[in-house]
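Taking it in order: structure first as C-alpha cells, then the write-up.
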Amino acid sequence: MKDRLRNIKTSFLFGPAALCMIIFLLDQISKIATVATKPMPFDSVYTSHNEQPIFIAGETLHIVFRNVFHLVDFRNPGAAWGIFGEHTPVLAIISLLAFLYLLYDFHALCGQSKFKRYTIALLMGGIIGNFIDRGFREGGVVDMFQVYIPVPQFASEWVNGIYYIDGIYRYIFPAFNIADSAICVATASLLIASFFIKDEEEASESLESKN
C-alpha cells in the first residue's frame with residue numbers, strides 16, 4: 001500500500017492533479033453561473049419548423065449565434081443523450097468508482113508517458129465534475145452548451161432531432177458542459193494516441209534493455 005501511495009504521489013501530483021482540479025473548478029463555476037442566470041423569455045429565442053415551434057433542450061440564457069450556438073440551462077439526470085435517466089444515483093456511484101480506480105491505478109495506467117498522465121487527469125476532472133452534479137445537485141447534471149449542426153438533407157430521413165431551420169437542415173446536438181467536453185477530448189485523444197504511444201514505450205524499453 002505504501003508503494004501504491006508513493007506511485008500516486010510521484011505520478012499524479014503535481015501537474016496532473018493541478019489539471020484535474022482546474023477542469024473540475026471551471027466545470028463547477030460554469031454550472032453555478034448557469035443555475036444563477038435568469039432564462040430569456042421563450043418567445044424571444046424559439047425557432048420554428050413549418051411554422052411550428054421547435055423544442056430547444058433547456059431554458060435559453062444567451063444567444064451566442066442564433067440557430068447555431070446557445071447558452072442554456074438544461075438538467076440531465078442520465079448519461080450521454082439522457083440514457084439511464086431514471087438511475088441517477090447509480091450513475092453517480094459509477095462515476096465515483098471510475099474516478100477512484102483511475103487514481104488508484106494512475107501510475108500503472110500511465111507508465112512513463114507524460115501524455116497519458118495529463119490526458120487521464122483531464123478525464124478524471126470531467127468525471128468528478130459530473131459526479132458532483134449526479135450526487136448532490138437537484139435535477140442531475142447541468143448542461144449549458146447547445147449547438148445546432150448543419151447536416152445534408154438526406155440525413156433528416158434517418159436521424160431524429162434534425163430540423164429545417166433558416167433554410168438549412170440542422171441537428172440539435174444534446175446540450176453538454178465542460179466536464180463532458182473534457183471526457184470526450186481525453187477519451188478520443190487516448191484512443192488515437194494509443195497507436196503511437198505504445199510504439200514509443202516499446203522503443204524506450206528496448207533501448208533501456210540494450211543499455
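Bear in mind that the values here come from a model prediction, so they are computed numbers and not experimental data.
Ile183 and Leu191 fall into different hydrophobic clusters, where Ile, Leu, Val, Met, Phe, Trp and Tyr side chains are chained together by heavy-atom contacts under 4.5 Å. Clustering ILVMFWY residues whenever any of their side-chain heavy atoms sit less than 4.5 angstrom apart, transitively, puts Phe136 in the very cluster that holds Phe24. The hydrophobic clustering, which links ILVMFWY residues whose side-chain heavy atoms are closer than 4.5 Å, places Leu123 and Ile94 apart. At a threshold of 4.5 Å between side-chain heavy atoms, the hydrophobic network of Ile, Leu, Val, Met, Phe, Trp and Tyr places Ile83 and Leu91 in one connected group. Linking Ile, Leu, Val, Met, Phe, Trp and Tyr residues whenever their side-chain heavy atoms come within less than 4.5 Å places Val159 and Ile149 in a single cluster.
Distance check: Thr119 OG1 to Leu19 CG gives 8.5 Å after rounding to the nearest 0.5 Å. To the nearest 0.5 Å, atom OG1 of residue Thr88 and atom CZ of residue Arg75 are 13.0 Å apart. Distance SG/Cys20 to CD1/Ile128: 7.5 Å, rounded to 0.5 Å. Separating the CD1 atom in Ile120 from the CZ atom in Phe115 is a distance of 9.5 Å, to the nearest 0.5 Å. With values rounded to the nearest 0.5 angstrom, Phe176 atom CZ is found 9.0 Å from Asp143 atom CG. The distance from atom CZ of Arg137 to atom NZ of Lys31, rounded to the nearest 0.5 Å, is 6.5 Å.
A side-chain donor-acceptor contact under 3.5 Å links Gln146 to the backbone of Phe173. Side-chain N or O atoms of Ser113 include none that pairs as donor or acceptor with a backbone N or O of Cys110 at under 3.5 Å. The backbone N or O of Pro77 lies less than 3.5 Å from no partner atom in the side chain of Arg134, so there is not a single donor-acceptor pair. Looking at Thr10, its side chain does come within 3.5 Å of a backbone N or O of Asn7 through a donor-acceptor pair.
When Tyr118, Phe99, Phe106, Tyr104 are each tested for a ring pair (Phe, Tyr, Trp, His ring centres under 6.0 Å) with Phe12, only one passes: Phe106. A side chain to side chain contact (heavy atoms under 4.5 Å, CB included) with Tyr101 is found for exactly one of Leu103, Leu97, Asp105, namely Asp105. Tested against Met144, the residues Leu61, Thr37, Thr34, Asp73 include a single side chain to side chain contact (heavy atoms under 4.5 Å, CB included) partner, Thr34.
Annotation for Asp27 and Ala179: closest pair OD1-N, 3.0 Å, computed over non-hydrogen atoms. Shortest non-hydrogen contact noted between Leu26 and Ile178 is O-CD1, 3.6 Å. Between Val142 and Asn177, the closest heavy-atom pair is O-ND2, 3.0 Å. Between Asp133 and Gly140, the shortest heavy-atom contact is CB-O, 3.8 Å. The minimum heavy-atom distance linking Gly126 with Ile23 is given by the pair N-CG2, 3.9 Å.
Ring-plane geometry between Tyr148 and His70 is classed as perpendicular, the angle between the planes exceeding 60 degrees on a 0 to 90 degree scale with a lower cut at 30.
Using a 4.5 Å cut-off on side-chain heavy atoms (C-beta onward), Arg170 and Asn67 make contact. For the pair Val64/Leu71, a side-chain contact is recorded, criterion being any heavy-atom separation below 4.5 Å from C-beta on.
When only modelled atom types and interatomic distance are considered, Ser11 and Arg117 share no side-chain donor-acceptor pair under 3.5 Å.
For Glu138, the CD atom is loosely surrounded, since the number of other residues' heavy atoms within 6.0 Å does not exceed 12.
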